[in-house]
Every structure is written in C-alpha cells, then in structure tokens.
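Here the structure comes first, spelled out in structure tokens, and everything after it is commentary.
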Amino acid sequence: MSGSTMQWWRDAVIYQVYPRSFADGNGDGVGDVAGIRARLGHLRDLGVDAIWMSPWYPSPMADAGYDVSDFRDIDPAFGTLAEAEALIAEAHEIGIRIIIDVVPNHVSSEHPWFRAALAGGPERDYFWFRKSQNMPTNWVGEFGGTTWTKVDDDTWYLHLFTPEQPDLNWEHPDVRAEFESILRFWFDRGADGIRIDSAALLFKDTALPEVTDGEPHPFHDLDAVHDVYRSWRRIADEYADRALIGEVWMPDVERFTNYLRPDELHAAFNFDLLGCAWDPYKMRSSIERTLESHAHIGAPPTWVLSNHDVTRHVTRYGRADTTFSFDNNLDGTPVDLELGTRRARAAALLTLSLPGAAYIYQGEELGLWENETIPEDQFQDPMYARRGHSRDGCRVPLPWSGDEPPYGFSAVENPADPWLPQPAEWKDRTVQTQTGDPNSMLELYRSAIRLRDFTGQELTWLEEEAELLAFTRGTGFACVLNLSETPVPLPEHRTLLLASSPLDGALLPRDTAVWLRL
C-alpha cells in the first residue's frame with residue numbers, strides 16, 4: 001500500500017465502490033455490503049489504501065441513492081448498519097480505510113423533514129419554498145430541466161437535481177447542526193473520511209436572480225459555503241487522521257483552491273485531467289496547472305480519470321474526441337476498444353506516478369468499457385430523461401468469474417439477473433481470468449500500486465521531445481509516456497520497472513508509458 005499513515009489522504013490510492021454494482025451477497029441482483037465484505041480480499045490484493053463508498057443510506061433511489069432519506073442507517077437493499085460497522089472494522093484489519101459519501105445539498109423527498117414541510121410544519125424553513133404565481137426562476141438544473149416544482153396554491157420548492165431531491169436551506173442553523181451531527185455519527189463508527197457530494201452548491205442567492213454571464217452565479221460557489229467547511233474541519237480535527245474530500249467541479253483554479261485552505265477541506269477532486277483530451281500539450285498543461293495551484297495552497301493534488309458519473313476512460317480514449325464534459329454527449333459514437341485500452345493502461349501509469357492521491361473507479365482495474373448496449377427501457381438514471389445521456393453504462397455490475405453473465409457477481413446459486421446487463425464480451429475481463437496474467441490490466445494495476453512509493457519526492461520534467469510526457473520523481477525514478485505518432489528511444493536508465501504495453505526493442509511505442517529506475 002502506498003499511502004503514509006499520518007495525513008494518509010495526501011498520497012493514497014483510493015478505490016471507489018459503487019455498492020449496487022460491486023458484488024451481490026444475497027443473490028437479488030443488486031450489490032450489497034455482504035458482497036463488499038466477501039470481496040475485500042480483491043481490494044487488499046490490489047493494494048489500495050482506502051475505499052470511498054458511494055451512498056449506501058436508505059433511499060427511494062430516484063437518483064441511485066443520492067436522494068437520502070436517513071443519513072444514520074443503511075438501505076435494506078444493501079444490508080444493515082451493523083453490517084456496515086463490521087465492514088469498516090474488517091477493512092481496518094487489513095489496512096484499508098473507509099470514506100463515506102455525504103450529500104449536503106439536498107435530501108430525499110421522502111426524508112422526514114420534507115414530509116413534515118409538505119404538511120406545513122416548521123421544517124418548511126429547512127428548504128427553499130417560495131410563493132409565486134409563476135416559476136420563481138428559470139434556473140437550469142444540474143441534470144438539465146427546470147429546478148422548481150409546485151406543491152399547492154402557487155407554492156414551489158427548489159431542487160437543483162430531480163424533484164425527488166429538494167434542496168436544503170443552509171441559512172438555517174438546524175440544517176448546519178444536523179450535518180455536524182451526521183459527521184460525528186460516522187466518525188464515531190470508524191469512518192476515516194467524508195466525501196462531500198456537490199460541495200459548492202449549498203448556498204443560494206436569496207434574491208433568486210437569474211443566471212447572467214459575467215455576474216456571480218446564484219447557486220454555484222457562494223462564499224458562505226466556506227464557513228460550513230470550516231466548521232466541519234474543526235469536527236474532523238477532533239478525531240485522529242480524518243479527511244474531508246470535496247467534489248468541486250470548478251473551472252476557476254483560484255476559486256477551486258479556496259476549498260483547500262488550511263482550515264477547510266483536506267482534499268478535493270481535481271477533474272481537469274479527467275476532461276482533458278489525449279494530447280501531450282493539453283495533458284502537460286493540465287498537470288502543471290494542477291500542481292502549481294495545489295502547491296500554492298499547500299494541499300495535495302488528486303488525480304481522477306473516471307467515476308460513477310462519467311464515461312469509462314477505456315471508451316473515452318478510444319473515441320476520436322477523447323474529452324469529457326456533461327455538455328458533450330458522445331454516446332454511440334465509434335469506439336476503438338483496442339486503442340482505448342492501450343491508452344487507459346498508459347494513463348494508469350501516468351496518474352499513479354504523479355504527486356498526490358490517485359482515485360480508481362471500480363472496474364477500471366479490469367479494463368472495463370462503457371456498456372453502450374443497455375436497452376433504453378432498462379435505463380435507471382434520471383439524467384437520461386433530461387439530457388439524453390445515461391450514466392448507467394459505467395455503473396454495470398462487475399465481472400468476477402465465469403464465462404457468461406452474471407460472471408460471479410452474485411454469491412449464491414441461481415441468482416436474479418444483475419440490475420443492469422453485463423456485456424457478453426466481458427468474459428475476458430473477469431477478476432478470475434486476469435489474475436496471474438502478467439499482460440492483464442488487473443496485474444498492471446497491482447504491480448503499479450505495489451511499486452508506487454514516491455512520498456515527498458517532487459516532480460521534475462525531463463527535457464524530451466515535445467510529444468512526450470516525461471518526468472522524474474526524486475533522483476531515481478522516471479515516468480515516460482509517448483503521445484507522438486512514432487516509437488521513440490527510451491532515456492538512459494538502469495532498470496525497466498513497468499511498461500503499459502510491450503516495447504519495440506529499445507523503443508517506446510506510441511500510447512505507451514514506462515516506469516524506469518534511473
């Protein structure tokens with residue numbers, strides 16, 4: 001494992017578990033805590049330092065669990081609170097930390113607070129209710145579409161996501177107190193970190209202005225949000241080695257790093273490289289920009305290539321357009337999976353050798369691609385109706401063993417079908433098939449994480465060809481990625497530690513990365 005004990009989040013390898021799709025312990029076709037506990041050995045063997053758990057709370061699942069009705073329990077589909085506590089303890093026994101997901105912008109419309117609010121109780125002040133003959137604003141939601149729903153007699157409530165996810169009013173002290181209590185609840189149960197969903201959205205301009213170019217955004221990144229995270233940091237600091245990690249989609253680097261000031265969050269997801277094209281100049285610029293901005297504030301960079309919301313990078317890197325954004329729907333465009341896999345292998349070595357923490361979304365260590373053959377009537381993602389893009393393709397249950405679906409996803413005989421269909425071609429992508437195969441994606445990840453030990457060693461760029469990404473960490477290690485059109489000679493070195501693809505004699509082929517001992 002690569003992360004240091006103290007301030008482990010600074011250089012950890014963190015693995016995202018999407019509970020519905022990781023492993024099914026009871027055979028109902030939906031992943032659960034029992035399945036995760038049974039497969040902890042896979043994560044131990046992979047060598048990760050921590051697991052980030054996507055929401056596992058009671059939820060009507062209008063948005064895959066991000067519509068939470070109770071932050072202090074586990075959804076029955078996933079198991080029980082006692083099982084979650086056992087998972088935390090068992091992970092700790094094998095040296096793996098647990099990060100849980102907290103969703104502070106909104107709750108479920110089935111949350112007791114919102115049901116009381118609809119009944120006219122004082123909890124109405126915990127939300128954004130407005131009386132108006134017409135919709136109070138024309139704000140566009142995070143999934144597209146409108147952001148207000150009428151309840152009765154010209155009263156509307158605000159939801160930046162789906163109508164089943166009413167936004168909380170963070171001006172109210174009871175809302176702040178409740179989430180501070182939730183943090184303590186999970187820290188007391190051994191959670192090592194909190195991943196904060198949509199961390200920049202909590203506050204809204206009470207005047208409800210429309211979104212206007214050149215003017216401050218009425219619900220993105222309002223300054224008041226930082227007071228919340230200062231209070232959360234004080235709570236985290238009461239416990240040993242706890243981390244707050246924000247999901248902050250922010251194009252302005254200075255505004256982004258505000259969340260990483262010494263008295264706020266410990267780390268935040270850096271999505272700059274995730275959306276970057278497979279291009280040497282743009283990738284180097286993204287890396288330099290990230291390192292410079294984080295160094296300025298003294299915070300650790302993070303490197304993310306995919307997660308439960310974005311297109312898997314095997315697919316993305318196999319397209320003619322290798323960028324990603326929610327506004328750029330490339331679903332159904334041609335994919336060269338061989339090329340995408342080759343680039344994904346190289347990208348793994350690149351990101352795992354950069355300073356800071358690396359995040360791996362479940363299945364990327366298997367080289368899975370986006371399943372773009374899911375029938376439309378099986379889509380469960382609410383984004384599809386609003387944007388015409390479904391995130392379900394990256395949420396398909398993992399293949400563990402066997403030659404046909406469900407590939408060992410369920411641990412019992414004659415299980416129900418997985419909640420989303422798995423491609424038949426994944427028979428060559430199972431954990432069982434890849435284990436022990438030195439050429440597999442899984443063994444590449446295992447080797448890279450085992451060899452990854454650059455704590456405290458700064459990155460220095462090598463003056464190589466412009467279409468190479470080549471740098472050292474300290475005095476004895478180099479990473480070189482060839483993004484040119486032709487093979488190039490390797491720099492002088494003592495030992496080849498790892499290569500993402502076979503070398504061409506003494507030449508480094510295109511779309512290939514190596515780790516070298518100098």
Taking the side chain as everything from C-beta on, heavy atoms only, tell me whether Trp170 gets closer than 4.5 Å to Pro104. yes
Counting only heavy atoms not in Asp263, do more than 12 sit closer than 6.0 Å to its CG atom? yes
Do Trp139 and Phe219 have their ring centres less than 6.0 Å from each other? yes
Taking only Lys NZ, Arg NE, NH1 and NH2, and the carboxylate oxygens of Asp or Glu, determine whether Glu93 and Arg44 approach each other closer than 4.0 Å. no
Answer yes or no: is there an ion pair linking Lys131 with Asp152, defined by an N-O contact shorter than 4.0 Å? no
Just to verify, which of Arg255, Lys204, Glu142 counts as forming a side chain to side chain donor-acceptor pair (under 3.5 Å) with His220? Glu142
List the steps, then state whether ring pair (Phe, Tyr, Trp, His ring centres under 6.0 Å) holds for Phe179 with Phe71. CA-CA 9 Å; Phe179 276 85; Phe71 278 100; 5.3 Å; yes
Just by distance, with hydrogens left out, do Arg233 and His266 show a side-chain donor and acceptor under 3.5 Å apart? yes
Do Asp227 and Arg230 meet the salt-bridge criterion of a basic N to acidic O distance under 4.0 Å? yes
Side-chain ion pair, Arg387 and Asp331, N-O less than 4.0 Å: no
Qualifying residue, where the test is ring pair (Phe, Tyr, Trp, His ring centres under 6.0 Å) with Phe114 and the options are Tyr126, Trp128, Phe127: Phe127
Which of these, Tyr259, Trp52, Trp303, Phe256, sits in a ring pair (Phe, Tyr, Trp, His ring centres under 6.0 Å) with Phe269? Trp52
